[in-house]
Amino acid sequence: MTDQTILLEGEAVLLPPPFSHYPYGIVGSTQDIARSYAEKEGRKNFVVTAAQQQTGRGRQGRVWASPEGNLYATLMLCPKRPMHEWGQLAYVFGLALARALEEFGVPEVQLKWPNDILIKDAKCCGILIETVETSLGEKGILVGTGINLLFAPENTPYPATSLKKVIGKEILPFQFLPAYIKSVQECVLEWEQKGFASLRQTWLSKAWRLGEQIGYKSEQASEETVLFRGIDADGCLLLEDHEGHIKRILTGDVIFPEA
Ligand code: BTN
């Protein structure tokens, strides 16, 4: 924590139960604050937000630029399905964000594997999911979400956009937050009660580049061009290579084509 890490209790937004809101001003990363609430104080079902992050991070150790004006939130919850299914939550949260964006009139929301949210082929939101265990021994997840409400980062290796650019309106972080949490609750409940099958088709209906050639890069190998065939019933990415073999993939990155 930095010297500026102060909880601004008076700014807490009323979220749908059982979630509590812990709003901060300037922090290193909301992921770290949320982890500490869970690991040191045994808390669950809460959302930590920050106006700015000094060391915001993305997937695979990348930096997440975090100037004031966008939404930076980490949600902690304990999913009520077996842990081996938790990988599917990347899709569940992607869909929840897409639905919340659509409520604000955002057109053409697309979901890019594993959990980027695009608007008109440019990244607008990113999701980082980490696991955590509370001091009371409950296993849960920390879902960090960065939403470019006002600013899109510059000099990114991919096209980036913001809600302001797309819909021409300024949406404040605390206007968007309750809609996002409500959408998360609906999607997580559907997944908990009915399983992944129920959400899979909806995710695929918004999937970026489904049925097209994409660049795929695993952590170990160099980028390869493959056909994006979909996701299977467990949530694995299905890629077809040049010889027509289908591979089931759990990790890695789908790459944006060169602009
Ligand atoms: C990605 O696309 O790589 C994921 C980006 C996740 C950024 C969010 S902002 C709130 C939370 N705190 C962080 O440090 N990262 C996540």
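Model, not experiment: these values are computed from the prediction. Read the numbers this way: they start at 1 and go in the same order the structure lists the ligands and their atoms.
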4.5 Å side-chain heavy-atom contact, T74 and I33: no

Salt bridge K112-D253, side-chain N to carboxylate O under 4.0 Å: no

Present, as a list of atom pairs with distances to 0.1 Å, all nitrogen or oxygen contacts under 3.5 Å between ligand 1 and the protein.
unit_1: ligand 1; atom_1: 2 (O); unit_2: K123; atom_2: NZ; d: 2.6
unit_1: ligand 1; atom_1: 3 (O); unit_2: R59; atom_2: N; d: 2.7
unit_1: ligand 1; atom_1: 12 (N); unit_2: T30; atom_2: OG1; d: 3.0
unit_1: ligand 1; atom_1: 12 (N); unit_2: Q53; atom_2: OE1; d: 2.9
unit_1: ligand 1; atom_1: 14 (O); unit_2: S29; atom_2: OG; d: 2.7
unit_1: ligand 1; atom_1: 14 (O); unit_2: Q53; atom_2: OE1; d: 3.4
unit_1: ligand 1; atom_1: 14 (O); unit_2: R57; atom_2: N; d: 2.8
unit_1: ligand 1; atom_1: 15 (N); unit_2: R57; atom_2: O; d: 2.7

ring-ring contact (aromatic ring centres under 6.0 Å, His included) assessment of W208 paired with F256: CA-CA 10 Å; W208 184 71; F256 280 94; 5.1 Å; yes

Centroid-centroid under 6.0 Å between F46 and F19 rings: no

side-chain hydrogen bond (donor to acceptor under 3.5 Å, both in side chains) evaluation trace for W64 with Q53: CA-CA 9 Å; W64 188 262; Q53 299 185 114; over 6 Å; no

SB check D241 K247 (cutoff 4.0 Å): no

